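A short worksheet on the structure shown next.
Since the structure is predicted, the reported quantities are computational estimates derived from the model, not experimental observations. All values below come from the heavy atoms of this structure, side chains included, with hydrogens, waters and symmetry mates left out.
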Amino acid sequence: MIAGEHSVFVVRGEDESPLAAPWDGNTLVTVDDDATRGWDLFVNTGDQWGPYDVTTRWLDAEPGPPEPRWEDVVEVSIRATGPLVVTEMIDNTPAIALLDTPGDYRLRVSARGRGAARDDDALDRAEHRGADDDGPPIEWYLLEVWAAPAADPEVLRLDSPRAHELLNPAPPLVIPEGEAGLATARRIGRDVDGKPGARTLSGELGSVSTERTIRGTRRKLFFGFAHLNSWSHCWVPGPSWSYSDEGSEDYQIGSSQWSWSHDHPDQLTGEHGAVRTSLVEVARPHRAVRRWDWMIDPGPQQVPFWEQVPLLASPSIITVTLTQHRDEARDPWTTIRIDHEHLPVEWLEDMETYWDYQLSIAEHAEFGIT
C-alpha cells in the first residue's frame, strides 16, 4: 500500500541513471525529460492522496492481453543498472521491490479506479485523508516486468474516468457573472492595498445575503463551501491564489487559514494583502460559520502575511447554510445561502456580487455532482 500527497508514485533505482527515454504520450506513465529527475518513472494516480494498492510481479515472459478489469494499461521499456523499487515520491516508503538484476526490461503498468466517482461516505473519508492514511485502498495498480530488448512505448488501454477527463477536456467554463465578479474583486483589492482611487471606509457596517440552488447533495458540497474563499483561481487563467492553513481539513475550530491573490485577476485580497479565516462553528453537512479578516501591510515595508494586521476594526462573519431537497425524479438539489455580516457599507454591493459569482462557479462547474 502506498499513500502520498502528489497524485503520483514512482519506479526508482539506487543511482541516477535514466530508466527510460522521456515519454508523456499517455495519462498513466510519465518519464520526465527533466535531467534532475530523469531516473524516475512516474505513475500518475487519479486521487491525490491514496492509499493505492500496488502489486509488483516478475514474469519469465511477455504476458498475454491485460485482464478486462484493468482500465488503463501501458508498456514502456526500461534499462536497470541496479535494483528497482516502487515507492512514494518524497519519503521513499514503503519500498516495494520490482526487480534486482541489471538489464533491459519491459514494464507493463495496469490501473483501475483512477478518477472513479466516490460515494458520500468515501468523500467524508477523503476530507480527513493524508499521507499517513491506513484506510482501505481507493485505486489499484499492477506493475509487471520481464526481460526484453528495448522497444517503443505502447498504450494498450486508456479507459478510466481520469484518462477520459485528461484526453477529452471539457471546453473552457464560461461564468455569466465572471466579468462583474472580477470587477468587484478589483475594487475591493484596490481598497485593501490603498491604491489610487481607493475608497475611504466610513466604519459603518452592514451585511449581504445571497443564495442559489444547484444540483447535487449537500454532503458533496459542504467541505468546499465551509472553506470557500475563492474558486476564481481554478477557473480564471492566471497564477493561482496561495493558501496556508493549520488543520482546516479537519474542521478545527479557531485554526487559521490564509489566502492571498498577488497578481491573480481575482484581486479580492489585493496584490499585497491577505484574508485570514477561521471556523467558529461547524454543523456538518448543513452549516458552517467563519470569521473573516482582511489583512494589510502595516507599512512602510512589505511584510509576510503572518505579520499583517486587520484592515477592519472587527472581523466580518460568514455563515453558509446548505439545505437539500429532491425533485420529482428524486434527484438531489441543494440550496446554498451565504450571509456575510459586519462588512463596510461601501463594500456591500460588491460583496453580494462577488458571492453570487462564486455560487455561479459552483453551479456551472457542477460541484454537487462531480
So T323 and H286, do their side chains get closer than 4.5 Å, heavy atoms only? no

Given the options T213, L228, I214, I338, L359 meets side chain to side chain contact (heavy atoms under 4.5 Å, CB included) only with I338

S360 and I175 have their tightest heavy-atom pair at OG-CG2, 3.4 Å

For H227 and F223, take the angle between the two ring planes, folded into 0 to 90°, and tell me which bin it lands in: parallel under 30, tilted 30 to 60, perpendicular over 60. tilted

Any idea how Y251 and F222 line up, ring-wise: parallel (<30°), tilted (30 to 60°), or perpendicular (>60°)?
tilted

Distance col, row S207:OG vs D339:CG, nearest 0.5 angstrom, shows 7.5 Å

Output for pair (I96 CD1, E88 CD), nearest 0.5 Å, gives 11.5 Å

CG (L268) and OH (Y357) are apart, to the nearest 0.5 Å, by 11.0 Å

Of all heavy-atom pairs linking N26 and L28, the shortest is OD1-N, 2.7 Å

Is it the case that the ring center of Y141 lies less than 6.0 angstrom away from the ring center of W70? no

What orientation do W231 and F367 show, parallel under 30°, tilted 30 to 60°, or perpendicular over 60°? perpendicular

Quiz item: Going by the angle between their ring planes, with limits at 30° and 60°, are F9 and Y52 parallel, tilted or perpendicular?
Solution: tilted

query = Would you call D331 and R215 a side-chain contact if the rule is heavy atoms closer than 4.5 Å?
reply = no

Exactly one candidate in N44, D24, D40 meets side chain to side chain donor-acceptor pair (under 3.5 Å) with T30; the answer is N44

What one should report as the nearest heavy-atom pair of L99 and A80 is CD1-CB, 3.8 Å

